[in-house]
Amino acid sequence: MLKIKKRNHTVYPIIVPVSYSLKSINFYLYQSGDTLALIDAGLNNEECWNALLETLKANEFSLQDITQILLTHHHVDHVGLVDRIVSEHPIPVYAHPYSIPRLKRERDFMERRVEFFATLYKEADCGEAGETQVRYLKNALQKNEKKAMQTDVHSFDQARMDLEIMEVPGHAPDQVSFFHAETGLLFGGDLLIQHISSNALAEPDFEGRRQRSLLQHMESMKKAGSLEPTTVYSGHGEIIHNAPALVETRLMEIEEKADKLKHLINEGVMTANALAKTYYEKRYSTQFPLVMSEIIGHLDYLEAKERVGKEKQAGVWHYHLT
Ligand SMILES: [Zn+2]
């Protein structure tokens, strides 16, 4: 129970600068009534740990005052400190049910996930680059087994909180945002980032089926924009005060990129792999999984809009204009 003065709907951001394109790793303390929730848990490093302790101290809290941890999604830069916090101060941790096999690195699921990427890259005609990535994932499977989260993770229905949980898949299949309607506060995870577009990553669902991640991401952004939140507490970069306009910008960028791909298809570039190489050039080899997600996502969008069609030839999807 909190001993300090009660404040409602008060957010204490924990911002940890990084030198790469994300600019910062952000997570948040959210105080309401007699709860003090930690929303996301940074990276598992000293910078994030110290930033957490400093933010607590600066606001006259201690680690022992945190009542629960809420996770927006399973990515390593959002869950890093969970085990360390809970080992010092046992509190419940809540996440979407889809987070659990990923956080716990459940063997069956993780193997299905590797198979998913093997098929995805084969059908996209990725050849050697795809095989290399699948080999990397297979090695990581064993190497990272000990990185599985030790802490038990519960689904949100057991949590005591005044935040509404919104499923916002796309960037990750398990991503949620937390919304407080009265004040217009939205904890967005990586749904919206002020200075860069968030990636809609290719991922399977629990059964190993491919999700249309970019289409999901677009729907999720629209859903968040339509709430007209006053403030979006983002997982990276600056805190966002113009969410509806930012959503419009991001949707327009997707439209523009899809249009460029359509032109390439018209010029005879027909497979996802060929499109990725042509469109991304150097980044194709340096950021292979990311660029494949982008290309496949935008092809899904063009397909959904019936601007392109596809047919399988020798096990590979070939795209054409409709
Ligand atoms: Zn993420």
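Counting starts at 1 for both ligands and their atoms, in listed order.
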Check: For Leu185, what are the other residues in its hydrophobic cluster, where any two members join if their side-chain heavy atoms are less than 4.5 angstrom apart?
Finding: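 Same cluster as Leu185: Val11, Tyr28, Tyr30, Ile39, Leu70, Tyr94, Phe156, Met161, Leu163, Ile165, Val176, Phe178, Phe187, Tyr233, Ile239.
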Next item on the list: Please go through Val316's hydrophobic cluster and name the other residues, only I, L, V, M, F, W, Y counting, with side-chain heavy atoms under 4.5 Å joining them.
Entry: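 Besides Val316, the hydrophobic cluster comprises nothing; the residue is isolated.
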Note to self: At less than 2.8 Å, how many protein N/O/S atoms surround the Zn ion (ligand 1)? Leave waters out.
What the structure shows: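 Protein heteroatoms (N, O, S) closer than 2.8 Å to the Zn ion (ligand 1) number 4.
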Check: Can a donor-acceptor pair be found between the side chains of Gln31 and Tyr12 at a distance below 3.5 Å?
Finding: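 Tyr12 and Gln31 do have a side-chain donor-acceptor pair below 3.5 Å.
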Next item on the list: Check whether Phe179 and Ile240 end up in the same hydrophobic cluster, where Ile, Leu, Val, Met, Phe, Trp and Tyr are linked by side-chain heavy atoms less than 4.5 Å apart.
Entry: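 Yes, Phe179 and Ile240 fall within the same hydrophobic cluster.
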Margin query: Run the salt bridge (charged side-chain N to carboxylate O under 4.0 Å, His left out) test against Glu111 and tell me which residues pass, sequence neighbours left out.
Written below: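 Residues passing salt bridge (charged side-chain N to carboxylate O under 4.0 Å, His left out) with Glu111: Arg107.
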Notebook entry, point to check: Which of these, Glu203, Gln216, His75, sits in a side chain to side chain donor-acceptor pair (under 3.5 Å) with His171?
Noted result: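 The side chain to side chain donor-acceptor pair (under 3.5 Å) with His171 is passed solely by His75 among Glu203, Gln216, His75.
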